[in-house]
Structure formats: C-alpha cells, structure tokens
Amino acid sequence: MRETWVVGAAANRFGKMKESSREAATRVSMEAIRQAGLEPKDIGYTFAANCFGISEHQGHIGPLINNGLGIPHVPSVTVESACSSSSAALHEAFVHVAGGFTDAALVVGVEKLSHLDTLTATSYFAIAADYPFETKNGATFPGLYATLASAYREAFSTTPEMLGSVAIKNHANAARNPHAHFQKEISMETYLASPIIASPLRLYDCCPFSDGAAAVVVAAKEFVKSPVTEPLVVRASARAGSVTDMQDRPDLLGLPATRFAAEKAFRQAHLEPKDIDFLEVHDCFTIAEVLALEDLGFFPKGTGAKEESEGVTARDGKLPVNSSGGLKAKGHPVSATGASQVVEIFEQMNGLAKGREVPRAETALAHNVGATGGSCSVHIFSRR
Amino acid sequence: MKGYEEGGKLRGFRCTHCGLITATWGLACSRCGHPELVEAELTTKGKVVAFTILTVPSEDFLNDAPYAYVVVELDGGGRVTGWMPSVRAENQIRIGDRVHYVAGYKPGVQFEKDAAVGSP
C-alpha cells in the first residue's frame, strides 16, 4: 500500500444554497484541487456522493462535476451510503490511491434539500431506514434515534441536561465556524424550552436539514512530492456494517457498526483512543454523539453523557469533539457530511480554524454513520 | 415486499441452526449466517423495550401524531417494531409495559397496551 495523503479540503457555507448541487459541488471541488496546488487534470478518478439528487431531478452527478472541472474524460462514480456517503467515497478514493490504481482522486459530497418542505424532507431522510420494517410502522429518523435515547436513559438514568450539554457545546463551536449552518450559541434554557420532536429528543437535539457541499483531494505521497499545504496522512480508512433494523439488534445501547469500524481503524493505524487529539463524530442527534464516543472506545458504556456534561469534550477540554459544530450545528447536508468532517480536521491541522483551534492537532479521527448504523466509516489522520 | 403482518398475524422466520427468531425478511440468518430460515408465526404479546412519542411524523402518519413508536420483545422470541395510536404522551408508557398486537386500521404493525389490573 502507498502512503496516502489528504492534500486539499474545502466546503461552502452550510445552510441554504441558492445554486444547484452540481454547481456547488464543482465549485468546492475546484477550491480543494487548487488548495492542494494541483490542477483538475491531475485527478484520476472522481468519487461523488449525492443521495437526494433525485429531488433536483438529477442523477449521475459525477460526470457533470468532471465536465465543469474541464476533465470530462476522467472516470467517476456516485457512492451511496446514506449519511455516510462521502466518507464511503473517501474510503473508495483511499483504496484506489493506496492500491496504486490512481495517483490522485477527488471526493465530493453535496446535498440540497432546502427547496423541500419539512415533511417531504423528513420523508426523504426516512428512505434510508428499512421501509417495510421501520418506516411503515411509523418510524422517522428522529424517532429511531429517540428509541435509542429511551433505551439509554432507562439503562443509565441520563437527564435532559446531559444531552442538552452536547447541543450547547456544538452550537458554541459552530458559532466560530464560517462553514456552519447555525452560527449562534444557545443556552440550557433555550434547549429545555425547545419542543419535543420525538421524546426524549427536543428540537435542539436534532441536526437541521442543510444544503452544503464539501470536497477532499486524496493523493499518493510519491505523486505530491512537495505539498503546498500540511497534508493529512491517512493512517486508517475503515468501514463496517451492522444489522440494519433496531428489532434485530441484541442491545440498543450503541451502534455495532461503529464498534466494528473503530476496531479495524485502530488496528490499521496501530493507534489507540488515547492517541487521538480531537474528533469529528456523527452527531445527527445529541444521543448519537454520546453513543459514538462510547462505541469508539473513548468512554466506558454508560458514562459518555456524564463526561460530556462535565466539559471533557469541549473545544478546550481533554478530548475536543466536533470543533466544527458537528452535524448538530454546522449542519447535515447528508452526502457532504463525511467530507466536511475531513475539512474540519484539515483546517485544524493547517491553522485555518481561526477562533476555534483545538489545543493539540496532531492526530484526529472522523466517524460517520449511515442511517441508524447499517454502515459506518472511521478514518484516522495525522500530520507527517 | 410484504411486511411481517398478514391476515391478523405476525409472521417471521426462525433460523434452523442458531434458533434466532426474526421478523425481518432474509434468505440467511442475520446472527449466524446460516443459509436456512424457515417461516414461523410470531407470538403477538410482549413487552416494550424502547419507545418514543413522535410529535413530528412521517408523511404516512401525518394525521396520527402524536403516537408511540415502540420496539417490542415478543414472549415467544424475536422483536418487532410497531406504533401505538392510543399512546400519545410520555406519561402513558414505560419500558417493560405489556402490549399486544392488534390488526390496525392502516398498514403498519399496531400495538395496544394490555389492560393492567387495578389501572384507572
């Protein structure tokens, strides 16, 4: 395997895009390529992600992006893995570059849902659940994660304030991130006063529907030679799956796919959780961040919510989590989310995260979940 | 694809190797990988192992909110998910509550609480 680097990473402002997915994706791709000191012609393969392109009457977005970049002859493929689509695309890019099949690859994820009303968007999201066995019985995505939250609350007696602390932390981080959908802090009073969406989850436990685009350029060390940015060395690129349906899981206190992917990733990287300086994790709901930190091995099962409420995961805490604001507050443009986690890590390691710097940025982990854990990606990056 | 509800009964599968009982369709066992599942009728009574009260529903349940969405462990083995139109608030349900399946008025597995002895 060849040593593989992330040499460029760019995202737009999440929230509401005026332009189409195709335009936004092409724009952030060009930005990431230029930032890497490369030209579009250096790209050997494009891995695109755009789950809900159908809402814009558009499929097959890869060739359109390549056309817009002036490289129509370059192969492309669209990768779908629900909310983990662009981290799955990153994994494919890694496999191609590390395996020697191409020297440089573009990973780009984009989503636009703001032209839909909330009900239609909720229904689009629910497509990634198991239709006959979950959705048809009344489930929504907040509902499925709320079910996990209820099982967790029963087992470990969590309080609303514990989950609230996750939302408050992530909003505080997003307030300092120019890419973020919500650039405002919230108080515990605001959190507690927000309406219940799916008990015990309140409005402020839930990530928003966001538009957004993010791109990452992956290249072989030997191809780049003299990088113009501080590259991220890909120390691990691991994926795993788990039983899709809640009803078939032995317990509801975590996501098995996260545990499996984390084990693989730490083994690949020859690292342990204690070696990680900061993380971007999949916090589509506050409970998801708690479960992720436990499943990844950072906190013993049942202690995550308490640790979070005590400030351990704050930006200046012992283990900064979601310095970007996370899905919760930076926003969750489904197919752009995984790539945008890498953008945050790239910006932190390149001194570009002005005003939201983590104390130490040598080694970082990105965790991205598809749906309720049917799929999961874990990447580990470090500086050279 | 058919759901697991049919003719007022809950249908699923049993693994001939490890004995897993599941409602979810498949050709092989999701627990042990054994490629032989036989059809099995599931029992219809059980207890709630997790729940939520949904106030913002999906499109198919637009006129039904609020309602409970539940994961139920069936007495005869296996778990299913379902919804409970008669449960509309957190204080009306607890983990461990006894429930039973009822043929609902719309597609989707529907549960009702068992009448508790001494309940108001």
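What you are looking at is a predicted structure, and each value in this text was computed from that prediction instead of being measured. What's counted below: heavy atoms across the whole structure, side chains too, no hydrogens, waters or symmetry copies. Letters go in sequence order (proteins before strands), and every chain restarts at 1.
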Interface moiety of [X] toward chain B, non-hydrogen atoms closer than 4.5 Å:
X	value
A/Leu252	side chain
A/Arg249	backbone
A/Phe125	neither
A/Ala126	neither
A/Pro195	neither

Against chain B, work out which of [options] has the most heavy-atom pairs shorter than 4.5 Å and name it.
options	answer
A/Ile197, A/Thr244, A/Thr140	A/Ile197
A/Pro142, A/Pro200, A/Ser199	A/Ser199
A/Thr118, A/Leu119, A/Thr135, A/Leu144	A/Leu119

Donor-acceptor pair, side chain of A/Asn137 and main chain of B/Trp83, under 3.5 angstrom:
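Absent.
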Is a side-chain donor or acceptor of A/Thr147 paired with a backbone partner of B/Phe51 at a separation under 3.5 angstrom?
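Flag not set: sc A/Thr147 to bb B/Phe51 has no pair under 3.5 Å.
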Considering residues, nucleotides and ligands other than [X], do more than 12 of their heavy atoms fall under 6.0 Å from its [atom1]?
X	atom1	answer
B/Lys47	NZ	no
B/His100	NE2	yes
B/Lys106	NZ	yes
B/Arg98	CZ	yes

Heavy-atom pair of closest approach, residues A/Gly138 and B/Leu54:
O-CD1, 3.0 Å
State, to 0.1 Å, how close A/Gln247 and B/Val80 come at their nearest heavy-atom pair, and which atoms those are.
OE1-CA, 3.4 Å
What is the distance from atom [atom1] of [X] to atom [atom2] of [Y], rounded to the nearest 0.5 Å?
X	Y	atom1	atom2	answer
B/Glu5	A/Lys136	CD	NZ	7.0 Å
A/Arg202	B/Thr55	CZ	OG1	11.0 Å
B/Arg79	A/Met246	CZ	CE	11.5 Å
B/Glu90	A/Ser150	CD	OG	8.0 Å

Can B/Thr81 and A/Glu134 be said to form a side-chain hydrogen bond (donor to acceptor under 3.5 Å, both in side chains), step by step?
CA-CA 7 Å; B/Thr81 65; A/Glu134 291 177 332; over 6 Å; no
Residue by residue, scan residues 30-46 of chain B and write down, ordered by number, those that have a heavy-atom distance under 4.5 Å to chain A; if none do, write 'none'.
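From residues 30-46 of chain B, the residues near chain A are B/Ser30.
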So if I take each residue of residues 57-71 of chain B and look for any heavy atom under 4.5 Å from a heavy atom in chain A, which residues do I end up with?
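B/Pro57, B/Ser58, B/Glu59, B/Asp60, B/Phe61, B/Leu62, B/Tyr67, B/Tyr69, B/Val71 fall under the 4.5 Å cut-off.
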Return the option, out of B/Ile21, B/Leu20, B/Ile53, B/Thr22, with the maximum number of heavy-atom pairs under 4.5 Å with chain A.
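Most pairs with chain A among the choices: B/Ile53.
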